[in-house]
Amino acid sequence: MKRYSLTRKFSLALAVCAAFGTTSALADIKIGINVPLTGFAAADGNSALTGAQLAVEKANASGGINGEKIDLIVYDDQASPKDAIPAATKLTEKDEVVGAVSGSYSASTRAAASIFQNAKVPYVVAYSIDPSVTRTGDYMFRVSSMGEVQGRAGAKLVDNLGIKRVVLVTLKNDFGQALANGFKDAAPKFDLNIVNEYEYGIKDRQFGPLIAKVKSDNPEVIYASGYFFNAGPLVSQMRAAGITAPIIGQEGYDSDKFIEIAGPAAEGTLVTTSLDRESASPVTQAFLKDFRAKAGFGADMVAASTYSAMSILIEGLKKTGGKGGAELRDAIASGSYEMPIGKLEFNDLHEVNKDVQVQTIKNGYWARHSVIHDPVLLAAPTKDSK
């Protein structure tokens, strides 16, 4: 676990002022982020960090927080709990950040959550879908739909396609399990027939035996959880084996890397996600343009969600004048936000209710397929939910 310090030109300006005898009462407002910059999730981490940096740069360019600049302190957690825990500890105890963002996966986010909660540091989670995160305490916030909600959206999508026979291919971790649980919970509402469910590990890249079983089931549709780095080989090998049924993935697929890895086999894949690249929202389109200009590649769900999480934290700080703690927690909780991933408001568990976007790959690019709007089916859990 390594801290990545982002030295800003504002620090140099303050040093120059000091050299000429000019003092300033202003000090940088420190906020943190844990994000995987090395290891298996590094590509997602790079997107997440770029999105976070973009939000901070935009805020600083418009005056920061009451004239004070935001200092973003970054730790590489490698998407690992053993690295996320010391990162969160250093951010709260050594760096004394007033707020933080998770730009990381569920396992590392879940491990860090209790540290931020105990320190009373608001923690805005970008794309971790583990249900336990917001249950950690009232300083937790999540801008993405949790896993079970996305799974239910997947079942609704199958119903919208007018087909019934489904095979589930489930990544054997909390991400995959949450999605599968949500799908299976909603399946009876749409009279879906789950023919079989097969599991695989996060390190798997060769799927021959699993694919042979899926093919023998002759499904009408396949609901397959995964991240781009294992979903790419999975989809490619399914198509090479002659499986033609539609494949439904989730936000873990939502990366240009998936298209790169799967190649022509990616064509037509459906993905439930948070980012609609063809949205008419000026906020979304401005973000897509600014991100490409900064990163040199197109934004994905991870980037859009982390930008949104960081922007919400910054909006809260603007309301409090840079103060953290309970004042910042309450400011974030009471807000309504127009973000690249939609209009967001937090419920009493600090979860969001929002539509689920369905993207597809068309001619080698991400394109809008549909939007799933079902306030009852997609309702986020509340404090009273079991």
Side-chain angles (χ1 to χ4, degrees), residues 40-48 50-51 54 127 144 150 153-154 157-158 160-161 163 169 171 179 204-207 211 214-215 219-281 284-307 340-342 355-372:
F40 71 93
D44 276 339
N46 181 47
S47 285
T50 305
L54 184 61
Y127 60 95
S144 62
Q150 294 185 42
L157 176 57
V158 172
N160 289 348
L161 295 174
I163 48 186
V169 178
L171 176 60
L179 292 163
D204 293 349
R205 300 294 184 272
Q206 296 298 322
F207 302 96
I211 289 172
V214 172
K215 189 172 183 179
E220 294 179 301
V221 63
I222 300 162
Y223 184 74
S225 56
Y227 304 108
F228 68 86
F229 48 80
N230 39 42
L234 176 64
V235 170
S236 177
Q237 290 168 42
M238 282 186 176
R239 295 307 188 214
I243 296 175
T244 59
I247 299 172
I248 297 176
Q250 311 78 28
E251 60 182 30
Y253 287 54
D254 189 336
S255 168
D256 288 349
K257 291 286 186 182
F258 168 72
I259 301 175
E260 178 185 322
I261 294 168
E267 197 75 7
T269 302
L270 299 168
V271 176
T272 55
T273 187
S274 297
L275 176 62
D276 177 9
R277 293 162 174 82
E278 296 180 9
S279 170
S281 164
T284 302
Q285 291 305 316
F287 163 74
L288 293 171
K289 179 181 177 181
D290 292 345
F291 184 91
R292 183 173 287 278
K294 177 175 175 60
F297 56 88
D300 51 20
M301 175 282 306
V302 165
S305 296
T306 312
Y307 173 92
I341 56 175
D355 293 342
V356 171
Q357 308 299 321
V358 183
Q359 297 275 286
T360 188
I361 289 83
K362 186 176 181 180
N363 299 321
Y365 295 95
W366 291 105
R368 176 194 287 169
H369 177 271
S370 57
V371 178
I372 299 175

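The figures that follow rest on heavy atoms only: side chains count, while hydrogens, waters and symmetry mates do not.
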Next on the checklist: For a 4.5 angstrom cut-off between non-hydrogen side-chain atoms, does Phe228 reach Val302?
Outcome noted: no
Next on the checklist: I'd like to know whether Leu171 forms a side-chain contact (heavy atoms from CB on, under 4.5 Å) with Tyr227, so could you lay out the CA-CA distance, the side-chain angles of the two residues, the decisive distance to 0.1 Å, and finally the verdict.
Outcome noted: CA-CA 9 Å; Leu171 176 60; Tyr227 304 108; 3.5 Å; yes
Checklist entry - Do side-chain atoms of Glu267 reach the backbone of Asn363 as a donor and acceptor pair under 3.5 angstrom? => result yes
Checklist entry - Taking atom CD1 of Ile243 and atom CD of Gln237, what is their separation to the nearest 0.5 Å? => result 10.5 Å
Next on the checklist: Between Arg205 and Asn230, is there a side-chain heavy-atom distance shorter than 4.5 Å?
Outcome noted: yes
Item to check | Sequence-distant partners of Phe287, ring pair (Phe, Tyr, Trp, His ring centres under 6.0 Å), two or more places apart | outcome: Phe291, Tyr307
Item to check | Rounded distance (nearest 0.5 Å) linking atom OG1 of Thr360 with atom NE2 of His369 | outcome: 6.0 Å
Checklist entry - So, does Lys215 use its side chain to make a donor-acceptor pair with the main chain of Ala241 at under 3.5 Å? => result yes
Item to check | Spacing of CZ belonging to Phe229 relative to CD1 belonging to Ile261, to within rounding of 0.5 Å | outcome: 9.0 Å
Checklist entry - Would a 4.5 Å heavy-atom cut-off, applied to side chains only, mark Asp300 and Lys257 as touching? => result no
Checklist entry - Quick one: CD on Gln359 to CD on Glu278, what's the gap to the nearest 0.5 Å? => result 7.0 Å
Item to check | Taking every non-hydrogen atom, the tightest pair across Ser236 and Ala265 | outcome: CA-CB, 3.6 Å
Next on the checklist: If you define the side chain from C-beta out and look only at heavy atoms, does anything of Val358 sit under 4.5 Å from Ile372?
Outcome noted: yes
Next on the checklist: If you define the side chain from C-beta out and look only at heavy atoms, does anything of Tyr253 sit under 4.5 Å from Thr273?
Outcome noted: no
Checklist entry - side-chain contact (heavy atoms from CB on, under 4.5 Å) between Phe258 and Ile361: does it pass, once the steps are laid out? => result CA-CA 10 Å; Phe258 168 72; Ile361 289 83; 3.9 Å; yes
Item to check | Those residues that, when tested against Asp256, pass side chain to side chain donor-acceptor pair (under 3.5 Å) (two or more places apart) | outcome: Trp366
Next on the checklist: Using only atom types and a distance under 3.5 Å, with no angle test, would you say the side chain of Glu220 pairs donor to acceptor with the backbone of Ile163?
Outcome noted: no
Item to check | Heavy-atom pair of closest approach, residues Leu179 and Gln150 | outcome: CD2-CB, 3.7 Å
Next on the checklist: Under the side-chain contact (heavy atoms from CB on, under 4.5 Å) test against Leu270, which residue among Val158, Ile247, Ile248 passes?
Outcome noted: Ile248
Item to check | Nearest heavy atoms of Gly226 and Ala231, plus distance in Å | outcome: C-CB, 4.4 Å
Checklist entry - Would you say Pro340 and Leu288 make side-chain contact, with heavy atoms under 4.5 Å? => result no
Item to check | Pairing residues for Asp254 by the salt bridge (charged side-chain N to carboxylate O under 4.0 Å, His left out) criterion, not counting sequence neighbours | outcome: Arg277
Checklist entry - Side chains of Leu275 and Thr284: closer than 4.5 Å at any heavy-atom pair? => result yes
Checklist entry - Is there a donor-acceptor pair closer than 3.5 Å between any side-chain N or O of Ser305 and the backbone N or O of Met301? => result yes
Checklist outcome for this item: In this structure, OG of Ser279 is separated from CZ of Arg368 (nearest 0.5 Å) by 6.5 Å
Checklist entry - In Å and rounded to the nearest 0.5 Å, what is the CG to OG distance from Asp276 to Ser281? => result 9.5 Å
